[in-house]
Engineer: 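Input: one structure, supplied below.
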Amino acid sequence: MAPPVLTSVVPSTGPTAGTNPVALNGSQFTGAIAVTFGSAAALSFAVNTPSTITAVVPPGTGTVNVTVRTPAGLSNTIPYTYAPTPALSTIAPNQGPTSGGTSVVLTGTGLIWTTAVTFGSTPATSYTINSATQITAVTPVGTGSVACTVTGPGGTSNSVVYTYLTAPALIALSPAQGPTDAGAAVTLTGNGLTTTFAVRFGSAPAAFTVVSDTTAIAIAPAGPAGSVLVSVTTSGGTSNSLAYQRVPPPAI
């Protein structure tokens with residue numbers, strides 16, 4: 001009688017706590033008397049067919065060799081890796097629009113085996129594992145503040161908070177008109193202005209100061225006489241536009 005032969009262990013990774021079932025595939029398993037993970041015996045195992053065994057993994061760490069023993073001898077080895085529970089430390093940026101589509105970087109440990117990234121209960125639109133300590137994910141559609149987690153063979157991580165911001169809205173400009181040259185201060189009133197990172201008069205950027213979530217003060221750039229549309233852009237998106245009228249100087 002030939003000794004058993006192992007061809008695969010599925011899955012080949014799991015939590016350090018063990019207790020998860022795996023399938024051992026190969027041949028000559030009839031009469032198996034032991035299944036080991038490194039130096040530790042499987043918590044239990046059952047020979048399903050001469051070519052398949054179901055085993056319950058014992059606790060462990062690192063990568064160990066799995067073997068099967070029958071009265072005919074000991075099998076070859078197949079590696080099995082104990083994956084630590086992933087942990088998250090930061091998410092950057094930690095806020096973005098409700099429409100999703102924001103690329104964020106998750107930093108932590110044990111991320112190399114990640115099989116899922118979720119924002120609240122919604123999976124990330126996509127994600128890329130950059131290294132064992134970093135993942136780049138694209139946010140799905142959402143609202144409010146949600147818990148972002150990653151899941152892998154070692155379990156689910158702690159959470160970091162990601163906040164969905166609504167798009168800003170402009171209500172009024174004061175004054176709503178000014179000179180064609182630069183320098184006029186214009187007060188923008190609206191809501192959702194806290195994270196403003198751009199104010200534009202038409203396509204021209206303007207210097208600005210955020211006073212509160214409802215107020216920002218912009219310095220109108222120079223431009224031709226006539227009406228120009230003013231908008232603000234925040235982490236939540238771009239606002240509606242309001243008209244600002246540039247008035248030419250008097251001529252004699």
Side-chain angles (χ1 to χ4, degrees), residues 1-89 104-140 147-160:
M1 181 182 294
V5 175
L6 268 177
T7 56
S8 66
V9 176
V10 182
S12 60
T13 58
T16 55
T19 72
N20 53 299
V22 295
L24 281 62
N25 302 304
S27 59
Q28 281 92 248
F29 291 160
T30 300
I33 56 176
V35 174
T36 57
F37 291 74
S39 59
L43 298 180
S44 65
F45 71 91
V47 179
N48 305 314
T49 70
S51 59
T52 60
I53 291 175
T54 300
V56 177
V57 182
T61 59
T63 298
V64 299
N65 288 322
V66 180
T67 59
V68 175
R69 182 179 290 279
T70 69
L74 186 67
S75 72
N76 59 303
T77 62
I78 293 289
Y80 179 85
T81 300
Y82 288 96
T85 303
L88 290 176
S89 54
V104 300
V105 175
L106 297 164
T107 304
T109 59
L111 307 183
I112 197 69
W113 293 284
T114 295
T115 57
V117 177
T118 57
F119 290 78
S121 59
T122 307
T125 300
S126 65
Y127 68 90
T128 301
I129 301 171
N130 305 321
S131 68
T133 60
Q134 188 181 88
I135 292 174
T136 300
V138 177
T139 62
C148 177
T149 61
V150 301
T151 301
T156 298
S157 72
N158 60 304
S159 63
V160 289

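Residue numbers count from 1 along this sequence. Predicted, not measured: the structure shown is a model, and the values here were computed from it.
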Engineer: For residues Ala124 and Pro140, report the shortest heavy-atom separation together with the two atoms involved.
Structural biologist: CA-CD, 4.1 Å
Engineer: Any chance the side chains of Thr118 and Thr149 put a donor and an acceptor closer than 3.5 Å?
Structural biologist: yes
Engineer: Determine whether Ile53 and Val35 satisfy the following criterion, side chain to side chain contact (heavy atoms under 4.5 Å, CB included), listing intermediate values before the conclusion.
Structural biologist: CA-CA 9 Å; Ile53 291 175; Val35 174; 4.3 Å; yes
Engineer: Which pair of heavy atoms, one from Ala147 and one from Ser159, lies closest together, and at what distance?
Structural biologist: CB-CB, 3.6 Å
Engineer: For Gly154 and Pro86, which heavy atoms make the closest approach, and how far apart are they?
Structural biologist: C-CD, 4.4 Å
Engineer: Taking atom types as modelled, find out whether Asn130 and Thr136 have a side-chain donor-acceptor pair closer than 3.5 angstrom.
Structural biologist: yes
Engineer: Here's a test for you: under ring-ring contact (aromatic ring centres under 6.0 Å, His included), which of Phe45, Tyr80, Tyr82 qualifies with Phe37?
Structural biologist: Tyr80
Engineer: Would you name the heavy atoms of Gln134 and Leu111 that are closest together and state the gap between them?
Structural biologist: N-CD1, 3.7 Å
Engineer: Do Val56 and Ser44 touch side chain to side chain, with heavy atoms closer than 4.5 Å?
Structural biologist: yes
Engineer: Does the side chain of Val150 come within less than 4.5 Å of Leu88's, by heavy atoms?
Structural biologist: yes
Engineer: Taking Ser75 for the side chain and Pro4 for the main chain, is one N or O donor matched with an acceptor at less than 3.5 Å?
Structural biologist: no
Engineer: Test side chain to side chain contact (heavy atoms under 4.5 Å, CB included) on Leu6 and Val66 and set out the steps.
Structural biologist: CA-CA 9 Å; Leu6 268 177; Val66 180; 4.3 Å; yes
Engineer: Report yes if the side chains of Asn65 and Ile78 come closer than 4.5 Å at any heavy-atom pair, otherwise no.
Structural biologist: no
Engineer: After noting the C-alpha distance and the side-chain angles of Cys148 and Leu106, does the key distance pass the side chain to side chain contact (heavy atoms under 4.5 Å, CB included) rule?
Structural biologist: CA-CA 9 Å; Cys148 177; Leu106 297 164; 3.7 Å; yes
Engineer: Evaluate the side-chain proximity of Thr70 to Phe29: yes if any heavy-atom separation is below 4.5 Å, no if none is.
Structural biologist: no
Engineer: Can you tell if the side chain of Val47 reaches within under 4.5 Å of the side chain of Thr30, non-hydrogen atoms only?
Structural biologist: no
Engineer: Do you know which two heavy atoms are closest between Ile33 and Pro71, and how far apart they sit?
Structural biologist: CG2-CD, 4.4 Å
Engineer: Ignoring hydrogens and geometry, is there a side-chain-to-backbone donor-acceptor pair from Thr114 to Ala116 under 3.5 Å?
Structural biologist: no
Engineer: If we count only N and O atoms by modelled type, under 3.5 Å, do the side chains of Thr156 and Thr151 hold a donor and an acceptor together?
Structural biologist: yes
Engineer: Any side-chain heavy atom of Ile135 sitting closer than 4.5 Å to one from Val105?
Structural biologist: no
Engineer: Using only heavy-atom distances, determine whether the side chains of Asn25 and Thr52 contain a donor-acceptor pair under 3.5 Å.
Structural biologist: no
Engineer: Taking the side chain as every heavy atom from C-beta outward, state whether Thr139 and Val104 have any atom pair closer than 4.5 Å.
Structural biologist: yes
Engineer: Testing the 3.5 Å rule here: is there a donor-acceptor pair between the side chains of Thr77 and Thr67?
Structural biologist: no
Engineer: Is there side-chain contact between Ser157 and Thr85, with at least one heavy-atom pair below 4.5 Å?
Structural biologist: no
Engineer: Within the side chain of Ser89, is there an N or O that forms a donor-acceptor pair under 3.5 Å with the backbone of Thr107?
Structural biologist: yes
Engineer: Passes side chain to side chain contact (heavy atoms under 4.5 Å, CB included), Val22 versus Val10? Steps please.
Structural biologist: CA-CA 5 Å; Val22 295; Val10 182; over 6 Å; no
